[in-house]
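Predicted, not measured: the structure shown is a model, and the values here were computed from it.
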Amino acid sequence: MIKYRKKFGWKAVMLAMIFSVMIPVQASSTKDKIDDVKEQQEQSQQRKKEIESKIQELEVYKADAISYIQKMDAELADVEARLEDLGNQQTIKEQEIAETEIELEDAKKTEREQYESMKLRIQYMYENGNESYLEMLLGAESFADLLNKSEYIAQITSYDRDMLDAYQQTILEVEAKEAQLEEENQELTRLIQESEDEKGNLQRLIDAKAVVLAGYEADIENGESEVSALEADMAKMEAELSELEAQLKREEEEAARQAAAARRTYDGGSLGFPMAWYYRKTSDFGYRNHPIFGQVLQHNGVDLSADTGTAIYAAYNGTVVVSTYNSSAGNYIMIDHGSGLMTVYMHCSKLLVSVGETVSKGQTIGLVGSTGNSTGPHLHFSVRLNGSYVDPKPYIGLN
């Protein structure tokens with residue numbers, strides 16, 4: 001039963017504490033991320049070029065459509081001007097027809113009046129012909145006077161006939177003129193209808209091309225929106241790439257430092273006590289009932305209670321490989337002493353050294369605190385040898 005609880009505790013809780021003191025993501029993983037971002041950048045850049053090329057093509061089509069519409073608009077304006085001119089001509093023609101109709105009516109009226117007058121004179125001469133002639137002969141003062149009166153009567157008759165013929169001719173001429181005007185008006189009507197048809201065709205062409213133009217403009221707008229989105233994504237990727245490259249640089253520096261540390265050799269000297277003073281040892285190395293989680297878990301160091309702010313010393317000469325915060329270990333420091341020997345100092349209230357810094361035995365590297373998973377101010381001190389935690393007591397002279 002105890003063995004099961006130990007195994008469960010190791011998996012459920014201690015992994016976080018053990019992994020918290022391991023080196024961060026390896027450089028190879030960061031390089032893969034950089035390569036992925038660069039590939040995404042190339043794909044986005046290629047997509048941007050394709051869209052921009054398409055937009056340029058659409059701009060050409062758009063310009064052609066605008067030019068076409070402008071040409072059709074000019075033709076439509078010409079047709080409308082022609083329609084206006086034809087309309088004016090037809091208005092004038094209709095006025096002329098109306099005037100001709102009045103003229104024709106007047107001519108017919110005059111012809112009727114002349115005809116009626118002539119009929120009255122003919123009727124009078126017919127009804128009183130013999131007596132009139134006799135009176136004229138008897139009343140003539142001389143033969144010459146007789147001839148003159150006979151000639152007068154003949155002239156009146158001839159005049160009536162001539163006037164009637166003239167009026168009838170006028171009617172024929174006015175009717176011919178009216179027919180000609182009607183024919184011309186019909187021709188104007190035909191031309192107007194043709195122009196109206198042409199106008200309708202032009203307007204349909206313009207409307208159809210306007211729909212195409214609107215499609216081009218919508219595609220261009222969508223393309224520009226996508227380009228803007230791509231540019232925003234590319235800016236984010238550039239920022240991410242800069243961050244990854246900075247991270248890679250840090251990892252490479254850390255790898256170089258670790259390589260240098262791996263070449264460092266622990267000289268076998270004894271470790272010093274890791275703090276100025278302490279009240280008591282509150283927890284030993286090995287399995288214990290965890291004071292926070294309430295489970296039997298592996299405790300990979302010793303806990304030494306002390307007041308907050310008590311100086312924490314480097315147990316031996318070495319290089320700081322970790323100086324950061326962890327949710328479990330709180331503020332903690334790891335020092336590499338060479339030959340696979342490392343010491344760990346957890347739950348500090350303050351860190352006084354940085355990664356890469358070389359420290360000496362007895363140097364103050366931090367202050368006691370209660371950060372992370374802690375029930376009170378103390379120093380959790382651990383020793384790692386060749387990647388495994390070992391009992392630190394023999395190294396610092398504790399029983």
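- Tested against Ser195, the residues Asp85, Asp78, Val79 include a single side chain to side chain contact (heavy atoms under 4.5 Å, CB included) partner, Val79.
- When all heavy atoms of Val355 and Ser323 are compared, the pair lying nearest together is CG2-N, 3.6 Å.
- To the nearest 0.5 Å, the span separating NZ on Lys350 from OG1 on Thr308 amounts to 13.5 Å.
- When all heavy atoms are compared, the tightest approach of Leu341 to Val383 is CD1-CG1, 3.6 Å.
- Here the side chain of Lys62 pairs no donor or acceptor atom with the backbone of Gly215 at under 3.5 angstrom.
- To the nearest 0.5 Å, atom CD of residue Gln90 and atom CG of residue Leu83 are 10.5 Å apart.
- Around atom CD of Glu243, no more than 12 heavy atoms belonging to other residues, nucleotides or ligands sit under 6.0 Å away.
- Ring geometry, Tyr316 versus His337: the interplanar angle exceeds 60°, so the pair is classed perpendicular (tilted spans 30 to 60°).
- Within the 4.5 Å cutoff, side-chain heavy atoms of Lys71 are placed close to those of Glu75.
- Follow the hydrophobic side-chain contacts under 4.5 Å out from Leu76 and you reach Ile66 in the same cluster.
- Proximity of the aromatic rings of Phe273 and Tyr278 is defined here by a centroid distance below 6.0 angstrom, and this criterion is met.
- Note on Leu230 and Met237: separate hydrophobic clusters, where clusters join Ile, Leu, Val, Met, Phe, Trp and Tyr whose side-chain heavy atoms are under 4.5 Å apart, directly or indirectly.
- Rounded to the nearest 0.5 angstrom, Asp303 CG and His378 NE2 are separated by 3.5 Å.
- A distance of 9.5 Å separates CD in Glu357 from CG in Leu352, rounded to the nearest 0.5 Å.
- Shown here for Gly338 and Asp336, the closest heavy-atom pair between the two residues is N-OD1, 2.9 Å.
- Residues passing the salt bridge (Lys or Arg N to Asp or Glu O under 4.0 Å) test with Glu187 are Arg190, sequence neighbours excluded.
- Using a distance-only test at 3.5 Å, with no hydrogens or angles considered, no donor-acceptor pair links the side chain of Ser44 to the main chain of Met234.
- Contact check for Glu251 versus Lys31: no side-chain heavy atoms found under the 4.5 Å cut-off.
- Smallest separation of non-hydrogen atoms from Phe285 and Val302: N-CG1, 4.0 Å.
- Leu385 has its side chain out of reach of Met342: every pair of non-hydrogen atoms, C-beta onward, lies at least 4.5 Å apart.
- A ring-centre distance under 6.0 Å is found for Phe381 and Tyr345.
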Audit row: Ser29, Lys33, side chain to side chain contact (heavy atoms under 4.5 Å, CB included) steps and yes/no: CA-CA 6 Å; Ser29 176; Lys33 292 180 180 178; 4.2 Å; yes

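- At least one donor-acceptor pair under 3.5 Å links the side chain of Thr189 to the backbone N or O of Asn185.
- Atom CZ of Arg82 and atom CD of Glu196 lie 10.5 Å apart (nearest 0.5 Å).
- For the pair Pro274 and Leu304, the tightest heavy-atom approach, listed with the atom from each and the gap, is CG-CD1, 4.5 Å.
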Side chain to side chain contact (heavy atoms under 4.5 Å, CB included) between Leu351 and Thr324, worked out: CA-CA 8 Å; Leu351 303 175; Thr324 188; 5.5 Å; no

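- In this structure, His347 contributes its side chain and Asn331 its backbone to no donor-acceptor pair below 3.5 Å.
- Between Met334 and Val320, the closest side-chain pair of non-hydrogen atoms is not below 4.5 Å.
- With a 4.5 Å cut-off on side-chain heavy atoms, Leu367 and Thr310 do not count as touching.
- Under the 4.5 Å side-chain heavy-atom criterion for ILVMFWY residues, a single connected hydrophobic cluster contains both Val321 and Val344.
- For the pair Ser374 (side chain) and Thr371 (backbone), a donor-acceptor distance under 3.5 Å is absent.
- Linking ILVMFWY residues whenever their side-chain heavy atoms come closer than 4.5 Å, directly or via other members, places Val353 and Leu271 in the same cluster.
- Atom-to-atom distance recorded for Glu182:CD and Glu96:CD is 11.5 Å, nearest 0.5 angstrom.
- Judged by distance alone, with hydrogens and angles left aside, the side-chain atoms of Glu94 form no donor-acceptor pair with the main-chain N or O of Thr91 at under 3.5 Å.
- No continuous path of ILVMFWY side-chain contacts below 4.5 Å connects Val212 to Tyr68, so the two sit in separate hydrophobic clusters.
- A side-chain hydrogen bond (donor to acceptor under 3.5 Å, both in side chains) check over residues 206-229, counting only residues at least two apart or in different chains, returns the pairs Arg47-Glu226, Gln203-Asp207.
- Residues Ile335 and Val359 meet the side-chain proximity criterion, which asks for heavy atoms closer than 4.5 Å.
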Test log, rule side-chain hydrogen bond (donor to acceptor under 3.5 Å, both in side chains), inputs Asp197 and Gln193: CA-CA 6 Å; Asp197 293 342; Gln193 185 59 51; 3.0 Å; yes

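- No side-chain heavy atom of Asp307 sits under 4.5 Å from any side-chain heavy atom of Val368.
- With hydrogens and angles ignored, the 3.5 Å screen pairs a side-chain donor or acceptor of Asn326 with a backbone N or O of Ala329.
- Side chains of Ile69 and Ile206 form a contact here, defined as non-hydrogen atoms less than 4.5 Å apart.
- Distance alone, capped at 3.5 Å, is enough to place a donor-acceptor pair between the Ser382 side chain and the Asn300 backbone.
- When all heavy atoms of Ser370 and Pro377 are compared, the closest pair comes out as CB-N, 3.7 Å.
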